[in-house]
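Each remark here refers to the structure printed beneath this line.
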Amino acid sequence: MTETALTVHQTARPPGFPTPDHFAFVESAMPEPGPGTALVENLYWSVDPYHREMMDGDFALNAPLEGRTIGRVVDSRDPALREGEIIFHRQGWRTHTVVTSEEARAVPRFDGVPLSAHLGILGGTGLTAYVGLTRIAELREGQDVFISAAAGGVGTATGRLARLMGAGRLVGSAGRAAKAAYLTECVGYDEVFDYHSGPAAELLAKAAPDGIDVYMDNVGGEHLEAAISSLREYGRIVRIGTIAQYNSTGTLYALRNLPDMVEKSLRMEGFLVLNYLDVQEELYEFVVPHLQSGRVMLDETVVDGFGGIVDGFLGMLRGENQGKIIVRAAGADV
């Protein structure tokens with residue numbers, strides 16, 4: 001084990017799209033566990049769109065950033081955290097950290113399922129998709145679904161889960177033709193449009209000419225307005241994220257068709273996945289057998305090495321990933 005640890009700090013608030021200059025890699029002595037704690041060597045890191053929101057004020061400057069992480073306990077002073085155990089915790093963006101048993105949980109091992117799945121379809125990403133479909137949208141078999149940012153981590157997970165749940169027509173939006181092809185050929189979407197090719201309302205109307213029942217919104221703005229127009233009576237909108245405005249420095253998009261919400265009896269609801277952690281076991285029961293059978297594949301873009309975590313995060317914000325973006329330590333295949 002190395003004698004030093006690396007952490008990533010945010011050094012300034014970005015006025016728009018962040019750059020590498022807004023981050024710094026900081027070297028320090030290896031942290032030592034005290035009574036009731038354990039030292040963890042991190043193996044996999046998740047970088048997520050919500051991190052961009054937190055950069056505007058929630059992340060403290062010149063301090064280690066947080067994030068979902070999977071690591072191995074290497075030195076323990078707590079019998080509840082066994083050395084060699086693989087755990088999940090939220091002290092990411094660093095190579096090593098000290099945690100308590102209250103801050104961590106053991107990662108279940110499923111035959112044939114890679115550990116990285118616990119940051120993707122079996123982790124917060126997949127739980128967001130599952131809760132959105134089952135608890136918020138209350139998706140029923142045969143209903144038609146539109147998913148924005150469909151090629152991202154939540155978008156691919158939502159598409160795969162909706163297909164397993166018997167969704168009818170599955171429509172998505174993505175930022176590149178290659179991503180659209182991947183989603184229709186590999187993930188199970190019926191139609192995916194490149195939102196750069198025209199107004200979202202026109203593209204969605206063409207992709208779903210008979211309308212939709214559910215909109216899973218990862219984008220907001222023009223996409224949300226288009227979905228409101230396409231939703232049928234009693235349609236549901238699940239608000240997950242607003243990536244279209246995370247880096248915006250101008251006037252935010254103003255929805256022009258909000259009266260449709262009343263006229264069509266639409267329902268729009270947002271949620272925080274942290275309030276639904278009790279659904280985790282249900283997610284395992286639903287998805288793991290399909291991962292093991294090969295019916296569901298992992299949609300991942302892997303960045304090798306902790307040194308690539310900032311570039312991976314910025315690439316995710318630029319839409320360079322396909323599926324969940326995972327940063328993997330050297331020798332992390334355990």
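All of these numbers come straight from a predicted model, not from anything done at the bench. Only heavy atoms go into these numbers, but all of them, side chains included; no hydrogens, no water, no symmetry mates.
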What closest approach, in Å, do A178 and Q322 show between heavy atoms, and which atom pair accounts for it?
O-OE1, 4.3 Å

When you look at R256 and E225, which way does the salt bridge (charged side-chain N to carboxylate O under 4.0 Å, His left out) test go after all the steps?
CA-CA 7 Å; R256 297 167 293 183; E225 183 177 82; 2.6 Å; yes

For residues 141-174, which residue pairs qualify under ring pair (Phe, Tyr, Trp, His ring centres under 6.0 Å), counting only residues two or more places apart or in two chains?
F146-F193, F146-Y215

Mind running salt bridge (charged side-chain N to carboxylate O under 4.0 Å, His left out) on D56 and R52 for me, showing each step along the way?
CA-CA 7 Å; D56 289 334; R52 175 61 189 88; 2.8 Å; yes

Shortest non-hydrogen contact from L183 to T156?
CD2-CG2, 3.9 Å

So, Q143 and R236: side-chain donor and acceptor under 3.5 Å apart, yes or no?
yes

Please list, chain by chain and in numerical order, all residues satisfying side-chain hydrogen bond (donor to acceptor under 3.5 Å, both in side chains) with E83, sequence neighbours excluded.
none

According to a hydrophobic-cluster definition based on side-chain heavy atoms being under 4.5 Å apart (Ile, Leu, Val, Met, Phe, Trp, Tyr only), do L161 and Y276 belong together?
yes

Do L122 and L119 share a hydrophobic cluster, counting only Ile, Leu, Val, Met, Phe, Trp and Tyr and linking them when any side-chain heavy atoms are less than 4.5 Å apart?
no

Tell me, please, whether F88 has R105 positioned over its six-membered ring: NZ or CZ under 6.0 Å from the ring centre and within 45 degrees of its axis?
yes

Can you list the other members of the hydrophobic cluster that holds V26, where links are side-chain heavy atoms under 4.5 angstrom apart?
none

Taking side chain to side chain donor-acceptor pair (under 3.5 Å) as the cut-off, I'd like each qualifying pair that reaches into residues 183-200, sequence neighbours left out, listed once.
R163-D190

Is there a side-chain contact between L133 and T158, using heavy atoms and a 4.5 Å cut-off?
yes

Using only atom types and a distance under 3.5 Å, with no angle test, would you say the side chain of T125 pairs donor to acceptor with the backbone of I121?
no

Take V107 and L115 through the test side-chain contact (heavy atoms from CB on, under 4.5 Å) and record every step on the way to the result.
CA-CA 8 Å; V107 174; L115 271 178; 3.9 Å; yes

What residues join W45 in its hydrophobic cluster, counting side-chain heavy atom gaps under 4.5 Å, either direct or through other members?
L6, V8, F17, F23, F25, V47, Y50, M54, M55, F59, L65, W93, V303, F306, I309, V310, F313, L314, M316, L317, I325, V327

For residues S116 and V302, determine if any side-chain heavy atom of one lies less than 4.5 Å from a side-chain heavy atom of the other.
no

Connected via hydrophobic side-chain network under 4.5 Å: V296 and I147
yes

side-chain contact (heavy atoms from CB on, under 4.5 Å) partners for T251, two or more places apart
none

To the nearest 0.5 Å, how far apart are CD in E53 and CD1 in I243?
9.5 Å

Determine, stepwise, if the pair Y182 / D299 fulfils side-chain contact (heavy atoms from CB on, under 4.5 Å).
CA-CA 10 Å; Y182 173 80; D299 304 291; 2.4 Å; yes

For A38, which residues count as a side-chain contact (heavy atoms from CB on, under 4.5 Å) partner, sequence neighbours excluded?
V73, S76, L81

So how far is it from I326 CD1 to R328 CZ, rounded to the nearest 0.5 Å?
10.0 Å

Give a yes or no answer on whether the side chain of R94 reaches the backbone of G92 with a donor-acceptor pair at less than 3.5 Å.
yes

N218 backbone acceptor or donor facing S148 side chain under 3.5 Å
yes

Please tell me if the side chains of D217 and V238 come closer than 4.5 Å, counting only heavy atoms from C-beta onward.
no

Using a 4.5 Å cut-off on heavy atoms from C-beta on, say whether the side chain of M30 contacts that of L39.
yes

One thing to verify: whether E138 and R140 come together as a salt bridge, which I'm taking to mean a side-chain N less than 4.0 angstrom from a carboxylate O.
no

Would you give the length of the straight line joining atom CG of L139 to atom CE of M216, rounded to the nearest 0.5 angstrom?
8.5 Å

Taking only Lys NZ, Arg NE, NH1 and NH2, and the carboxylate oxygens of Asp or Glu, determine whether D78 and R82 approach each other closer than 4.0 Å.
no

I'd like to check the side-chain contact (heavy atoms from CB on, under 4.5 Å) partners of E263; sequence neighbours left out, ordered by chain and number.
P259, D260

Salt-bridge criterion met for R232 and D210 (N-O under 4.0 Å):
no

Rounded to the nearest 0.5 Å, the CD1 atom of I86 sits from the CG atom of L43 at a distance of 5.5 Å

side-chain hydrogen bond (donor to acceptor under 3.5 Å, both in side chains) partners for R77, two or more places apart
D75

K264/E233 salt bridge by N-O under 4.0 Å criterion:
no

Find out if a path of hydrophobic residues (ILVMFWY) with successive side-chain heavy-atom gaps under 4.5 Å connects M297 to L164.
no

Can you list the steps and then say if H9 with T7 is a side-chain hydrogen bond (donor to acceptor under 3.5 Å, both in side chains)?
CA-CA 7 Å; H9 294 191; T7 63; 3.0 Å; yes

Could you go through the side-chain hydrogen bond (donor to acceptor under 3.5 Å, both in side chains) check for Y234 and D213 one step at a time?
CA-CA 8 Å; Y234 302 111; D213 299 293; over 6 Å; no

Does the pair E269 and R135 meet the rule for a salt bridge (charged side-chain N to carboxylate O under 4.0 Å, His left out), with working shown?
CA-CA 11 Å; E269 182 177 348; R135 300 309 197 268; over 6 Å; no

With a 4.5 Å cut-off on side-chain heavy atoms, are I212 and R169 touching?
no

Test of understanding: with side-chain hydrogen bond (donor to acceptor under 3.5 Å, both in side chains), list the residues that count as partners of T242, not counting sequence neighbours.
R239

Output all residues satisfying side-chain contact (heavy atoms from CB on, under 4.5 Å) with Q292, sequence neighbours left out; order by chain, then residue number.
F110, D111, V113, V288

Check whether any side-chain heavy atom of Y44 sits under 4.5 Å from a side-chain heavy atom of T69, and report yes or no.
no

Quick check: closest heavy atoms across L274 and L277, and the distance to 0.1 Å?
O-CG, 3.4 Å

Is any side-chain N of the basic residue among E300 and K324 closer than 4.0 Å to the acidic one's carboxylate O?
no

Report, as yes or no, whether the 6.0 Å neighbourhood of atom CD on E141 holds more than 12 heavy atoms from other residues, nucleotides or ligands.
no

Please test N42 against H96 for side-chain contact (heavy atoms from CB on, under 4.5 Å), starting from the C-alpha separation and ending with a verdict.
CA-CA 6 Å; N42 292 326; H96 300 79; 5.9 Å; no

Ignoring hydrogens and angles, tell me if any N or O in the side chain of H51 forms a donor-acceptor pair with the backbone of E66 under 3.5 Å.
yes

Output all residues satisfying side-chain hydrogen bond (donor to acceptor under 3.5 Å, both in side chains) with R318, sequence neighbours left out; order by chain, then residue number.
E320

Tell me yes or no: between the side chains of S173 and H223, is some donor less than 3.5 Å from an acceptor?
yes

Would you confirm whether R267, through its side chain, and I136, through its main-chain N or O, come within 3.5 Å as a donor-acceptor pair?
yes

Path from F286 to Y284 over hydrophobic side-chain contacts below 4.5 Å
yes

